[in-house]
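Scroll down for the structure; my scribbles are underneath it.
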2 protein chains.
Amino acid sequence: MTQKDMATLLGERGLRPTVQRIAVYEYLYDHRTHPSAETVYQALVQQHPTFSRTTVYNSLHALVKAGLVKELAMDTEERHYDADVALHGHFHCRRCGGIADFTLDESLVQRLMPDGYLVEGQGIYFSGRCPACRSAEPTN
Amino acid sequence: MTQKDMATLLGERGLRPTVQRIAVYEYLYDHRTHPSAETVYQALVQQHPTFSRTTVYNSLHALVKAGLVKELAMDTEERHYDADVALHGHFHCRRCGGIADFTLDESLVQRLMPDGYLVEGQGIYFSGRCPACRSAEPTN
DNA sequence: AAAAAGTTTGTAATGATTACAAAAAAATTG
DNA sequence: CAATTTTTTTGTAATCATTACAAACTTTTT
């Protein structure tokens, strides 16, 4: 997606498409590594030395509120962000620390939902060992 | 469960059953409200004025490591703990802030798991409005 | 009883996030 | 287009949960 398209998208969601917000969104869009706010900041401050940490936080919050970015619920220290807001699960490898996406069957997830509740968000994650770490250290 | 049984249980899991650890475990066992460390501390310090915050953290970590307590992954500020380590999901109500349990079908959850990964832990939660808050404010 | 190991406590440090106010930028108004 | 208002950014300071650490204490082992 081009920056122009991103600007349009932000505008549609009621966010003024500032350089900073587009940069944050672009980073998340291009790096599907579920980075933390600090990771985003460190990456962006290279290109834009004037960017502040607070703006990264502000932008992330604005993007989450606008529904363009999702905040992950994981048992990690910091919060992680994802530009992929479609239904999918996350796997957190306890050995390498990586967070991988995996697909979720929509109808299967529907069947998990508790009755009587109005579901607006969901977080489905598993943790353990990713395939690479399993073969690297098979016994554990 | 009696404190005696808890002491035995901790012992079986390789934890010395100290007064503090039993108190923390007992609180979680009796209060299925998914409290934070601070909440546990505030409750316990009433009865045991000498208890320290650090000990509550230490005890929680020890209990989690021993598999007697589970740390929840939610999109909240602090970490929440649960003495129920059996498979179940959590619902976080965005209006009242409450966290409710709901049952999960084991085989359904199995079918969600990604292939090739060794799954050691899982967190399944939904957020939105609980039934009480839905009827209290139906339009939203 | 002495030594060793494990646990608790209080305080200090850390680290992520938020609060806040001034400066800057953009949008609106006349 | 200039003046005013609104929004956003920036930098610093504050906050809040959690962790680090070392001394004191308790329990276990010898």
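So that the names make sense, note that chain A is the first sequence line, chain B the second, and so on, each numbered from 1. Computed over heavy atoms, backbone and side chain alike; hydrogens, waters and symmetry mates excluded.
Distances shown here put every side-chain N or O of Ser52(A) at or beyond 4.0 Å from the OP1 or OP2 atom of dT9(D).
For His90(B), the ring-ring contact (aromatic ring centres under 6.0 Å, His included) criterion is met by His34(B), His88(B), not counting sequence neighbours. Applying the side chain to side chain contact (heavy atoms under 4.5 Å, CB included) test to Asp30(A) and every residue at least two apart in sequence or in another chain returns Glu26(A). Here Arg95(B) pairs with Glu137(B) under the salt bridge (charged side-chain N to carboxylate O under 4.0 Å, His left out) rule; sequence neighbours left out. In terms of the salt bridge (charged side-chain N to carboxylate O under 4.0 Å, His left out) criterion, residue partners of Arg94(B) (sequence neighbours excluded) are, by chain and number, Glu120(A).
Between Gln20(A) atom CD and dG11(D) atom C1' there is a gap of 14 Å when expressed in whole angstrom units. Per the geometry, CG belonging to Leu15(B) stands 12 Å off C1' belonging to dG6(C), to the nearest Å. Distance Arg53(B) CZ to dT11(C) P: 11 Å, rounded to the nearest Å. The CD atom of Glu77(A) sits 9 Å away from the P atom of dT18(D) (whole-angstrom rounding). Distance Arg21(A) CZ to dT9(D) C1': 10 Å, rounded to the nearest Å.
Among all heavy-atom pairs drawn from Arg21(A) and Ser59(A), the shortest one is CG-OG, 3.6 Å. Contact between Val56(A) and Ala37(A) at its shortest, heavy atoms only, is CG1-O, 3.7 Å.
Across all strands, Thr18(A) comes closer than 4.0 Å only to sugar-phosphate atoms, never to a base (heavy-atom distances).
With rounding to the nearest 0.5 Å, the separation of OG1 in Thr33(A) from NE2 in His31(A) is 6.5 Å. Atom OG1 in Thr39(A) sits 10.5 Å away from atom CG in Leu44(A) (nearest 0.5 Å).
Annotation: of the two residues near DNA chain C, Val19(B) and His61(A), the 5′-most nearest-nucleotide partner is Val19(B).
Residue Phe102(B) is found in a hydrophobic cluster whose other members, listed by chain and number, are Leu87(A), Phe91(A), Phe102(A), Leu104(A), Leu108(A), Val109(A), Leu112(A), Met113(A), Tyr117(A), Val119(A), Ile124(A), Phe126(A), Leu87(B), Phe91(B), Leu104(B), Leu108(B), Val109(B), Leu112(B), Met113(B), Tyr117(B), Val119(B), Ile124(B), Phe126(B); membership requires side-chain heavy atoms under 4.5 Å apart, directly or through intermediates.
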**From CA spacing to verdict: side chain to side chain contact (heavy atoms under 4.5 Å, CB included), Tyr25(A), Leu9(A)** = CA-CA 10 Å; Tyr25(A) 186 60; Leu9(A) 184 56; 3.6 Å; yes
**Request:** Starting from the C-alpha separation in whole Å, work towards a yes-or-no answer on side chain to side chain contact (heavy atoms under 4.5 Å, CB included) for Leu10(B) and Thr18(B).
**Result:** CA-CA 9 Å; Leu10(B) 297 222; Thr18(B) 64; over 6 Å; no
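With contacts defined as side-chain heavy-atom distances shorter than 4.5 Å, the pair Asp101(A)/Asp82(A) qualifies. Residues Arg111(B) and Arg111(A) are in side-chain contact: their nearest non-hydrogen atoms beyond the backbone lie under 4.5 Å apart.
Closest to the Tyr57(B) side chain, of the nucleotides dT19(D), dT9(D), dT8(C), is dT19(D).
Of all the residues in residues 78-85 of chain B, Glu78(B), Arg79(B) reach under 4.0 Å from DNA chain D with at least one non-hydrogen atom. Listed in residue order, the members of residues 33-51 of chain A having a heavy atom less than 4.0 Å from DNA chain D are Thr50(A), Phe51(A).
Residues in residues 57-77 of chain A take part in no ring-ring contact (aromatic ring centres under 6.0 Å, His included) pair, two or more places apart or across chains.
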Identify each donor-acceptor pair in which a side-chain atom of residues 46-53 of chain A lies under 3.5 Å from a protein atom, sequence neighbours left out, and give them as a table.
from     : atom 1 : to       : atom 2 : distance (Å)
Ser52(A) : OG     : Thr55(A) : N      : 3.2
Ser52(A) : OG     : Thr55(A) : OG1    : 3.0
Arg53(A) : NE     : Glu38(A) : OE1    : 2.8
Arg53(A) : NH2    : Glu38(A) : OE2    : 3.1

Where do N or O atoms of nucleotides 3-5 of chain D meet protein N or O atoms at under 3.5 Å, pair by pair?
none

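Each of Tyr125(A) and Val85(B) belongs to its own hydrophobic cluster when Ile, Leu, Val, Met, Phe, Trp and Tyr are linked at side-chain heavy-atom distances under 4.5 angstrom.
When the C1' atoms of four end pairs are superposed on the next four at each end of the helix from dA1(C)-dT30(D) to dG30(C)-dC1(D), using five pairs per end, the two resulting axes differ in direction by 20°, to 10°.
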**Under 4.0 Å protein heavy-atom contact, by nucleotide of nucleotides 20-28 of chain D - B base, S sugar-phosphate only** = BB-------
